[in-house]
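The block underneath contains the structure these notes are about, expressed in structure tokens.
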Protein chains: 2
Amino acid sequence: MKQNTTIFDLSKILNLSTSTISRALKDHPDIAAETKKRVRELAAKLDYEPNLSAAGLRTNNTKELAIIVPTLSGFFYDSVISSIEGEARKHGYSLMILVSSDDVAIEIENLKICKQRHVAGVLVCLSLHTKDLLPFIKLQELEIPIIFFDKVPNSDIFPRVSFNDERAASLAANALIKKKKKNILSLFGNIDLSITQRRLTSYSATFNNHFLTENDKNYLFIEHASSSTEAAEIVCKYFGGENKPDAIFCMTDELLIGTMKAVQVLKLSIPDSVGLIAISNGLFPKFYHPEVTYVETSGHSLGQLAFSRMLNYLQGNKENSEISAEASLMEGGSL
Amino acid sequence: MKQNTTIFDLSKILNLSTSTISRALKDHPDIAAETKKRVRELAAKLDYEPNLSAAGLRTNNTKELAIIVPTLSGFFYDSVISSIEGEARKHGYSLMILVSSDDVAIEIENLKICKQRHVAGVLVCLSLHTKDLLPFIKLQELEIPIIFFDKVPNSDIFPRVSFNDERAASLAANALIKKKKKNILSLFGNIDLSITQRRLTSYSATFNNHFLTENDKNYLFIEHASSSTEAAEIVCKYFGGENKPDAIFCMTDELLIGTMKAVQVLKLSIPDSVGLIAISNGLFPKFYHPEVTYVETSGHSLGQLAFSRMLNYLQGNKENSEISAEASLMEGGSL
DNA sequence: TTGAAAGCGCTAACAC
DNA sequence: GTGTTAGCGCTTTCAA
């Protein structure tokens, strides 16, 4: 086995001390330019790379971040992770990935791993049923910053980054109002989730406010589905009946996929026989023809925002507010 | 700041040496059961967790794996990573994620990070245009095992795990032959990629072999597209003409997505007016109605296989062969 | 401008 | 069955 070159090897060859080598490699101002040059050249020649375990042990700065997500194979977290990984590398951090599978026990295990590895920080999207924040608080007490993103706790002792769900939902509602849709099948996710509650409340309120002032009426058929299959079934049911909706709203990409499958089954023509709008990451709407009009809640932006807050925090700016990533309407041809 | 509990803290409280603590926590046979119990109880009480940087430095075993992928936001690598992360955690390993963005320079930088972090092993899917294997060889010389998956080098000094592309393509071809399709629009990816070449060669050969013995004829329209948009354009072109194909074959999910968009534009009825088959990860075919018949090349299986080879390698079984994950036909209703 | 020395937390050879 | 000790590779204080 070829041995790894260490700072000690370099010091012997150059007749310098290990501290000089260390400083030279870090471009420390005390070291003579000539010395730095010699050190750097030899380091390059011998393929020297610092051992980050050793440095991390010594300085208690591992330059490693962790991200905990409920799942990977969705259509969302991959884009968040991708965006954070890129930013992290730019700033000299590596990214460890931990999947909780929406299981509280695994989530706690993952936090333990973060502690064992002395990560510099953790980005967390809460699992579906996390109630107890104590494990997170304990980690924070050890000076490991936690930034919550997407599914964030209702607690102002943590920095949080999420979407402006209220605004996303009202943007969609306004788009439907503008198109004078009257019978709108409105598909929401599991009602127990706070994201569903926020989106639903704002969505309903937007319609109510409008029809209070306008001398007009419309009907919202609010339904809840927790999978794309369920969404498809609901759509089929509504379009099998007499009073067919003139528009469909989908709260998530998952529901959109189910809806579009039903649209194919029913051979509905979009937007002629029925209009369609969704809240989406932005990927799937482009896979259909006509492309689906959607309110964008982009994983990429959320990732950027989460990472920049992490960086701020690491630099000492420890603000614990919740910040929202903006949502905006993207016109396809479906409404 | 609350200090982290160390083995030294435990040793002082229990009046034992650090080595006894260390051994007790590792369930070393030399240590008395009673001692182990006392140590474990105190450790639990004080929330002791080992510092893996320190252990890694000492033993040169970081219990951390890295995975390098060309991209995350596809429809494939997320499932591979998800599967590997799960297995890795089960076996006490963490997973660091590195994205190369199909950029050779970033790929090399990523290997440097692996070296700096002294990872226990690296799982690599090559970037599109990697030619020089030297950086990988150097890493292997440092006793950091590398398992290539999916896009693997043509070099038998590394363990490799990939799909049996020849078999996947011939399965698809045989399904088309069985349905007596005569005019098949066959969409392949970029011809420069070895995966395209393997799939195309086997696909064509399967048809040729069949029509040598049968007194029958058919026409393959072989086209290459490097994006879903291009695929959609090609499909539209063919169905705008006179001699419309009676089936479409898509080599990847990306091409399938483009094809399905074109199908919606053209309002083609599947499978009545045109049959459809793809080689796919298995996710997208389920999003359409009827569900698309496909040959499955599952990211999940590939991940499992890659991890198990890594584990073998770490346990000393250093075999450098290429192993194939099987492909199998999944019947939807599209052919 | 450079060096000596201590120590981060852990493990393991060796001693008892 | 337990303790002593050295050392993994690095950073950093203090001294020269």
Side-chain angles (χ1 to χ4, degrees), chain A residues 1-40 42-43 46-64 92 115-120 142-143, chain B residues 1-40 42-43 46-64 92 115-120 142-143:
Chain A
M1 166 183 178
K2 203 162 142 187
Q3 275 299 320
N4 243 306
T5 309
T6 72
I7 236 173
F8 182 72
D9 300 331
L10 302 182
S11 78
K12 278 207 303 196
I13 296 177
L14 294 176
N15 264 313
L16 290 166
S17 71
T18 57
S19 34
T20 303
I21 305 288
S22 173
R23 284 186 276 236
L25 290 168
K26 299 213 127 45
D27 208 17
H28 193 288
D30 277 1
I31 303 295
E34 175 58 22
T35 310
K36 283 183 189 168
K37 192 168 160 251
R38 286 172 59 219
V39 171
R40 278 202 284 254
L42 184 65
L46 299 186
D47 271 337
Y48 169 81
E49 296 292 344
N51 179 332
L52 294 189
S53 291
L57 175 60
R58 177 63 233 250
T59 61
N60 209 11
N61 183 0
T62 54
K63 285 282 191 174
E64 180 161 43
K115 183 174 170 189
Q116 294 179 344
R117 296 214 174 265
H118 286 238
V119 296
L142 294 168
E143 301 274 87
Chain B
M1 165 182 179
K2 204 162 140 186
Q3 275 299 319
N4 243 307
T5 309
T6 72
I7 238 174
F8 181 73
D9 300 331
L10 301 181
S11 79
K12 278 206 304 197
I13 296 176
L14 294 176
N15 265 313
L16 288 166
S17 72
T18 58
S19 38
T20 302
I21 305 288
S22 174
R23 285 188 276 238
L25 290 168
K26 299 211 127 45
D27 209 17
H28 192 288
D30 277 1
I31 305 294
E34 175 58 21
T35 311
K36 282 182 188 168
K37 189 163 164 261
R38 286 172 60 218
V39 172
R40 277 202 283 256
L42 184 66
L46 299 187
D47 271 338
Y48 169 80
E49 297 290 346
N51 179 331
L52 294 190
S53 290
L57 177 59
R58 179 61 233 248
T59 61
N60 208 10
N61 182 359
T62 54
K63 285 281 191 177
E64 180 161 43
K115 183 175 170 188
Q116 293 179 343
R117 297 217 174 264
H118 286 237
V119 296
L142 294 168
E143 302 274 86

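When reading the values below, keep in mind they use all heavy atoms of this one structure, side chains included, and skip hydrogens, waters and symmetry mates. Chain letters run A, B, ... following the sequence lines, proteins first and then strands; every chain starts at 1. No experiment lies behind these values; they were computed from the predicted model shown.
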**Prompt:** Distance from A:His118 atom NE2 to A:Asn60 atom CG, nearest 0.5 Å?
**Reply:** 6.5 Å
**Complete:** Sorted by number, residues from residues 9-22 of chain B placing a heavy atom under 4.0 Å from DNA chain D are B:Asn15, B:Leu16, B:Ser17, B:Ser19, B:Thr20
**Interatomic distance where CG belongs to A:Asn60 and C1' belongs to D:dT12 [whole Å]** = 15 Å
**Prompt:** Which part of the nucleic acid does B:Asn51 contact within heavy-atom distance under 4.0 Å: base, sugar-phosphate only, or nothing?
**Reply:** sugar-phosphate
**Request:** Taking only the side-chain nitrogens and oxygens of B:Ser53, find out if one of them lies under 4.0 Å from OP1 or OP2 of C:dC8.
**Result:** no
**Request:** Round to the nearest Å and state the distance from B:Leu52 atom CG to C:dC10 atom P.
**Result:** 9 Å
**Asked** B:His118 has an atom NE2; how far is it from atom P of D:dC8, in whole Å?
**Response** 13 Å
**Asked** So do the side chains of B:Asp47 and A:Lys115 get within less than 4.5 Å of each other, counting heavy atoms only?
**Response** yes
**Prompt:** Can you tell me how far the CD1 atom of B:Ile21 sits from the CG atom of B:Leu14, to the nearest 0.5 Å?
**Reply:** 5.0 Å
**Length of the CZ-P vector between B:Phe8 and D:dG3, whole Å** = 13 Å
**Request:** Could you tell me the separation between the CZ atom of A:Arg38 and the P atom of C:dT1, rounded to a whole number of Å?
**Result:** 15 Å
**Request:** Can you sort out the partners of B:Thr20 under side-chain hydrogen bond (donor to acceptor under 3.5 Å, both in side chains), two or more places apart, ordered by chain and number?
**Result:** B:Ser17
**Item:** Side chain proximity check, B:Asn4 to B:Asn51, heavy atoms < 4.5 angstrom
**Value:** no
**Request:** Answer yes or no: does a side-chain N or O of B:Thr35 lie under 4.0 Å from OP1 or OP2 of D:dT2?
**Result:** yes
**Fill in**
Rounded to whole Å, NZ of B:Lys26 lies from P of C:dA12 at a distance of 8 Å
**Item:** Which residue lies more 5' along DNA chain C, comparing B:Arg23 with B:Glu49 via nearest heavy atoms
**Value:** B:Glu49
**Asked** Between D:dC10 atom P and B:Lys115 atom NZ, what is the distance in whole Å?
**Response** 11 Å
**Message:** Between C1' on C:dT1 and CD on A:Glu34, what's the gap in Å once rounded to a whole number?
**Reply:** 13 Å
**Request:** Tell me, please, which residues at least two apart from B:Asn61 pass side-chain hydrogen bond (donor to acceptor under 3.5 Å, both in side chains).
**Result:** none
